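As structure tokens, the structure follows; a few thoughts come after it.
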There are 2 protein chains.
Amino acid sequence: MTSRRNTIQKDLVRNTVYEMRRHVTANEVYEFIKEAYPTIGKGTVYRNLDILVEEGNLRKVEVPDGPNRFDLTLKNHYHVRCVNCGEISDVDMDEILGLLEKIHDTHGTDFLGYDILFKGICPKCQKKIKDGQIY
Amino acid sequence: MTSRRNTIQKDLVRNTVYEMRRHVTANEVYEFIKEAYPTIGKGTVYRNLDILVEEGNLRKVEVPDGPNRFDLTLKNHYHVRCVNCGEISDVDMDEILGLLEKIHDTHGTDFLGYDILFKGICPKCQKKIKDGQIY
DNA sequence: GTCTTTGCAAAACGTTTGCACGTGG
DNA sequence: CCACGTGCAAACGTTTTGCAAAGAC
């Protein structure tokens, strides 16, 4: 890895995640920037998101069966995904301590950390279900 | 949902996951079956895996940034993914109880459950690192 | 005979990559 | 100047889907 340059595109990506203040997907960032800066490439957005994560400016929230999300909050916290619409939100909960010490036998694996992903139904989708719009 | 039929293909998929006794991907199941039954379609494997999960015969282990896995073990347990090779293994740990009760404020979300995915380096990859084959 | 399931291929989806061109330091 | 970043399009790996033919009940 050699030295990193500052570019307009990188600033745009960082500022967009900052401005949107939620768990945005790479594509949402791309679409948002394209409004003001139509020539930006999708690859550039993906590359810069990864760089910003590597530099510790953003956190990547890896989501199975759906696009990954990026957010600003740097302290460790957990997420919940709406099983209906896929929206990701922060969970208001203290960090669980000592989880790795609860492992009985590591079977030789070197444990580094963990992610917890809660499943739930967000308020908007609860309303949709009640109104018979879905299910 | 209407009534389900028993087919050779569905049996093959169930038996393959059973025989392989690890966290297999849909593609691994497909390749394995193709040896003995070359005309099976990939779509059929995917469809049957989903059906078997729905019927409670298999569990789907959703993995971010990689293919989903399927396993047989039906009691609740957690998984660890090797950050190097992506292999999924079971974690030898008691189930964490009362996690949902630790949430301070649900913000209206209806919480249904959660998954924990540990990160680690499996023994094989530790050896590769020590031998200088990677990193 | 009817309705589900299959096999096949194409499409969908999120993401990565190759490469010629542009730009920051 | 020239290494690094960009824009564009094509490729990628996984999964889903449309549809005619085959098969279960």
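Chain A is the first sequence line, chain B the second, and so forth, proteins listed ahead of strands; every chain is numbered from 1. Bear in mind that the values here come from a model prediction, so they are computed numbers and not experimental data.
The NZ atom of Lys42(B) sits 14 Å away from the C1' atom of dA10(C) (whole-angstrom rounding). What separates CD1 of Ile51(A) from P of dT17(C) is a distance of 13 Å, to the nearest Å. Between Asp11(A) atom CG and dT23(C) atom P the separation is 16 Å, expressed in whole Å. Separating the CG atom of Leu49(B) from the C1' atom of dT5(C) is a distance of 15 Å, rounded to the nearest angstrom. In this structure, the NZ atom of Lys10(A) is 15 Å from the P atom of dG7(D), given to the nearest Å. Straight-line distance from the CG atom of Asn68(B) to the P atom of dG13(D): 17 Å, rounded to whole Å. Following rounding to the nearest Å, Arg69(B) (CZ) and dG13(D) (C1') show an atom-to-atom distance of 13 Å. Distance, Arg4(B) CZ to dT6(C) P: 10 Å, rounded to whole Å.
The side chain of Thr39(A) approaches dG7(D) more closely than any other nucleotide in the set dG7(D), dT15(D), dT6(C). Of the candidate nucleotides dT16(D), dG7(C), dT15(D), dT15(D) has the atom nearest to the side chain of Pro67(B). Listed nucleotides dG25(C), dG5(D), dG7(C) differ in distance to Tyr37(B); the shortest reach to its side chain belongs to dG7(C). Comparing atom distances between the Arg5(B) side chain and each of dT6(D), dT2(C), dG7(D) picks out dT2(C) as nearest. When distances are taken from the side chain of Asn48(A) to each of dG7(C), dT6(D), dT15(D), the shortest belongs to dT6(D).
Listed pair Asn27(B) / dG13(D) fails the phosphate criterion, with no side-chain N or O lying under 4.0 Å from OP1 or OP2. OP1 or OP2 of dG7(D) has at least one side-chain nitrogen or oxygen of Gln9(A) nearer than 4.0 Å. An OP1 or OP2 oxygen of dT16(C) is reached within less than 4.0 angstrom by no side-chain nitrogen or oxygen of Tyr46(A). In terms of phosphate contacts, Asn6(A) brings a side-chain nitrogen or oxygen within less than 4.0 Å of OP1 or OP2 of dG25(C). Side-chain N/O atoms of Thr7(B) include none lying less than 4.0 angstrom from OP1 or OP2 on dA24(D).
Mapping Gly41(A) and Asp65(A) onto DNA chain D via the closest heavy atom, the residue that lands nearer the 5' end is Gly41(A). Heavy-atom distances to DNA chain D give each of Gly66(B) and Gly43(B) a nearest nucleotide, and the one nearer the 5′ end belongs to Gly66(B).
Put simply, Val53(A) and Val17(A) are part of the same group of oily side chains (I, L, V, M, F, W, Y) that touch within less than 4.5 Å, one to the next.
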Give the C-alpha distance, both sets of side-chain angles, the deciding distance and a yes or no for side-chain hydrogen bond (donor to acceptor under 3.5 Å, both in side chains) between Asn27(A) and Lys42(A). CA-CA 8 Å; Asn27(A) 197 56; Lys42(A) 221 171 226 198; 2.9 Å; yes
Show the numbers, then the answer: is there a side chain to side chain contact (heavy atoms under 4.5 Å, CB included) between Glu55(B) and Leu52(B)? CA-CA 5 Å; Glu55(B) 292 177 349; Leu52(B) 288 161; 4.1 Å; yes
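Between Phe118(B) and Phe111(A), the ring planes lie perpendicular to each other; the angle is over 60°, past the 30° to 60° tilted range.
A donor-acceptor pair shorter than 3.5 Å can be found between the side chains of Asn76(A) and Glu95(A).
Between Asp115(B) and Ile116(A), the closest side-chain pair of non-hydrogen atoms is not below 4.5 Å.
Between the side chain of Arg47(B) and the base of dG7(C), a donor-acceptor pair under 3.5 Å is found.
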